[in-house]
Amino acid sequence: MITIKKTRTSVPLKGIVEKISGVDLSVCLQCRKCTSGCPVGKLTKSGPSEIMRRLHLDAGNELLESDILWTCVSCETCSARCPMGIDVAAVMDALRKLALARGASKQQGNVPLFNKAFLKTVEVFGRTYEIAMIAAYKLGTGKLMNDTEKFPTMIKKGKISLLPPLAGDRKTVRRIFKKTKKSKGAEI
Ligand code: SF4
Ligand code: SF4
């Protein structure tokens with residue numbers, strides 16, 4: 001049994017998280033099956049069930065500083081294990097969106113930078129293009145020479161390609177990005 005103190009210091013996030021994720025937070029039983037299956041639950045201060053509980057208890061922007069938002073690997077195990085069919089991973093996604101939009105999360109490190117570099121290459125090339133993503137990420141971190149000794153082996157083994165991907169419907173992917181950006185702005 002865990003005890004969670006009410007620590008709200010700003011407007012509750014419950015309503016907006018429910019709107020973005022499409023999840024009804026009030027049906028959570030606090031069975032903790034999501035947390036027991038979470039591969040990163042032991043590395044973080046709060047597991048997904050605690051996040052669910054705190055949202056239900058009207059937590060505000062302080063929840064956006066939770067380390068699990070940026071440790072979560074979006075594996076969706078929590079959603080698959082939930083006996084109430086709650087899409088817990090969608091809740092984590094909604095919180096990440098809010099954290100970025102509101103400039104929160106001191107604990108995020110380079111994860112948002114990596115996400116941004118990954119998504120930008122998908123937006124431009126229609127699918128992931130590792131070399132461009134690595135270049136954008138390294139430029140952002142300023143650590144241009146880190147791990148570069150691994151490149152020749154990765155290229156030789158076909159793990160990364162020097163040429164951009166030819167497959168993929170770039171126009172459709174760009175349209176999806178455009179639509180998503182519009183709806184994201186409207187929600188947050
Ligand atoms: S598994 Fe579902 S019902 Fe159980 S604590 Fe997690 S979100 Fe709540
Ligand atoms: S999606 Fe995130 S919170 Fe859910 S089980 Fe995977 S790592 Fe944990």
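Both ligands and their constituent atoms are indexed starting at 1 by order of listing. Only heavy atoms go into these numbers, but all of them, side chains included; no hydrogens, no water, no symmetry mates.
- Nearest protein heavy-atom neighbour of atom 2 (Fe) of ligand 1: Cys82 SG, 2.4 Å.
- Within the coordination shell of atom 8 (Fe) of ligand 1, defined by N, O or S atoms under 2.8 Å, Cys31 is absent.
- For the pair Pro152 and Thr148, the tightest heavy-atom approach, listed with the atom from each and the gap, is CD-O, 3.8 Å.
- Going from atom NZ of Lys45 over to atom CD1 of Ile68 covers 12.5 Å, rounded to the nearest 0.5 Å.
- The nearest pair of heavy atoms linking Leu25 to His56 is O-ND1, 4.1 Å.
- Taking a 6.0 Å sphere around CZ of Phe177, one finds it holds more than 12 heavy atoms contributed by other residues, nucleotides or ligands.
- Between the CG atom of Leu119 and the OG1 atom of Thr121 there is a distance of 7.5 Å, given to the nearest 0.5 Å.
- Put simply, part of Arg32 is less than 4.0 Å from ligand 1, judged by heavy atoms.
- Summary of contacts: the protein heavy atom closest to atom 8 (Fe) of ligand 1 is Cys28 SG, 2.3 Å.
- Taking a cut-off of under 4.0 Å to the non-hydrogen atoms of Gln30, the atoms of ligand 1 that pass are 5 (S), 8 (Fe).
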Side chains of residues 73-96: which donor-acceptor partners sit under 3.5 Å, not counting sequence neighbours?
from	atom 1	to	atom 2	distance (Å)
Ser74	OG	Arg96	NH2	3.3
Ser79	OG	Asp87	OD1	2.8
Ser79	OG	Val88	N	3.2
Ser79	OG	Ala89	N	3.0
Arg81	NE	Lys33	O	2.8
Arg81	NH2	Ser36	OG	3.1
Asp87	OD1	Ala90	N	3.2
Asp93	OD1	Arg96	NH2	2.7
Arg96	NH1	Leu69	O	2.9

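- With respect to the salt-bridge test (charged N to carboxylate O, under 4.0 angstrom), the residues Arg53 and Glu50 do not qualify.
- For ligand 1 and Pro83, the ligand atoms under 4.0 Å from any heavy atom of the residue are 1 (S).
- Take atom 8 (Fe) of ligand 2 and draw a sphere of radius 2.8 Å; the protein N/O/S atoms inside it number 1.
- Remark: ligand 2 atoms within the under-4.0 Å shell around heavy atoms of Glu76 are 1 (S), 6 (Fe).
- Here the shortest heavy-atom pairing between Ser46 and Ile51 reads CB-CD1, 4.1 Å.
- One distance of note links CZ of Arg170 with CZ of Arg127; it measures 10.5 Å at 0.5 Å rounding.
- Numbered from 1 in the order shown, with element, the atoms of ligand 1 that lie under 4.0 Å from a heavy atom of Ser49 read 5 (S).
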For residues 128-139, which side-chain N or O atoms pair as donor and acceptor with protein atoms under 3.5 Å away, sequence neighbours left out?
from	atom 1	to	atom 2	distance (Å)
Tyr129	OH	Leu162	O	2.5
Lys138	NZ	Lys143	O	3.4
Lys138	NZ	Asn146	O	2.3

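- Of the options Leu29, Leu25, Val27, the smallest heavy-atom separation from atom 3 (S) of ligand 1 is shown by Leu29.
- Contacts of Ser79 with ligand 2, taken as heavy-atom pairs under 4.0 Å, are absent altogether.
- Not counting sequence neighbours, Lys116 has no partner by the salt bridge (Lys or Arg N to Asp or Glu O under 4.0 Å) test.
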